[in-house]
Amino acid sequence: MKIARFYQKTLFGMFALMGLIVASTSALYVYTVDRQLNDDLKKNSRAIARSIADSNIDVIVNRNYSALQSVIDQYVEIPGISYVFVVDDHGDIIAHTFVPGIPDEIAANYRGNKDAYDRVLPGMGRFAEVTAGILAGQAGRVHVGVDKGYIALQVQTAIGKQVYLLTIVFLISVLVSYGLMYQVSRPLHHLTKHAWHSFSDGEQGEPPHPTQVVNLLQRTDEVGELGRIIRSASWREL
């Protein structure tokens, strides 16, 4: 299907605009979902750290490490939570979920009262670690690590369907726009053939089909008016 040159730039502009809308919408959606999931998972991990710190004070203070270990082990089963460890008031790690042992990167940097850490653990990945103080930090701190890879996977899953849907909408819009432009272009093609045939004695290709001419002259828009003007002018020449 050939589109009249008169409409080609308009059609290209429509495609470019639709592509820009799809791209900008997708980018905004990716940013929003990524930020929302990161915030939600960090809030959940902070709530877990606070829950361990507040509900197990007796266990920690009385150094019941086996009970404390069983408590923190259950939290790593939550999707996105990669590790948990508890530090006592002397700065020693008294319980953890690392297997087989505490990574050197964590062993070298966990002391202090920081609320969050950004970890890169070789062989494990990247993590956002949040902490909560036990008795306002006087009895130690609970550390909970969130897997950033899990967050990225959730973002990809969330945006995948959205981008897929937007792509389908874009392709359908392109096809519909092309079809509409073609429908608009057809009368112009018929008008061009009618004009050439009327003023060139048939020397410029095939004449339009009589049905096309009749339909053209019966139109009530500007194309029909031009067709009637051309018909009238050609008769006057004769």
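Remember, it's a predicted structure, so these values are computed and weren't measured experimentally. Values below: all heavy atoms of this structure, side chains included; hydrogens, waters and symmetry mates excluded.
For the pair Ile52 and Tyr75, the minimum side-chain heavy-atom distance is below 4.5 Å. Contact annotation: the side chain of Arg46 never approaches that of Val142 to less than 4.5 Å [non-hydrogen atoms, C-beta and beyond]. Here the side chains of Ile81 and Ser45 are in contact, with some heavy-atom distance below 4.5 Å.
The backbone N or O of Val71 lies less than 3.5 Å from a partner atom in the side chain of Gln74, making a donor-acceptor pair. Judged by distance alone, the side chain of Ser82 and the main-chain N or O of Val146 form no donor-acceptor pair under 3.5 Å. Between the side chain of Ser51 and the backbone N or O of Ala47 there is no donor-acceptor pair closer than 3.5 Å.
Between Asp118 and Lys148 there is a salt bridge, with a side-chain nitrogen of the basic residue lying less than 4.0 Å from a carboxylate oxygen of the acidic one. A salt bridge is absent between Asp40 and Arg35: the closest approach of a Lys/Arg side-chain nitrogen to an acidic carboxylate oxygen does not fall below 4.0 angstrom.
Heavy-atom minimum distance, Gly91 versus Arg111: O-NH1, 2.9 Å. Contact record, Ala132 with Ala53: O-CB, 4.3 Å, taken as the closest heavy-atom pair. Between Gly80 and Tyr150 the shortest heavy-atom distance is CA-CD2, 3.4 Å. Closest approach of Arg50 and Gly133 over heavy atoms only: NH1-O, 3.0 Å.
In terms of the side-chain hydrogen bond (donor to acceptor under 3.5 Å, both in side chains) criterion, Ser24 has no residue partners (sequence neighbours excluded).
Other residues sharing the hydrophobic cluster of Tyr83, ordered by chain and number and joined by side-chain separations under 4.5 Å: Phe85, Val87, Ile93, Phe98, Ile102, Ile106, Tyr110, Leu121, Met124, Phe127.
Tyr31 OH: 12 or fewer foreign heavy atoms inside a 6.0 Å radius. Atom NZ of Lys43 has 12 or fewer neighbouring heavy atoms from other residues, nucleotides or ligands inside a 6.0 Å radius.
One finds the CG atom of Asn109 at 12.5 Å from the CG atom of Asp104 (value rounded to the nearest 0.5 Å). The distance from atom OG1 of Thr131 to atom NE2 of His143, rounded to the nearest 0.5 Å, is 5.5 Å. Atom CD1 of residue Ile48 and atom CD1 of residue Ile72 lie 12.5 Å apart, to the nearest 0.5 angstrom.
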**OP:** List the steps and the verdict of salt bridge (Lys or Arg N to Asp or Glu O under 4.0 Å) for Asp147 and Arg119.
**Re:** CA-CA 10 Å; Asp147 186 0; Arg119 304 279 194 189; over 6 Å; no

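Follow the hydrophobic side-chain contacts under 4.5 Å out from Val76 and you reach Ile94 in the same cluster.
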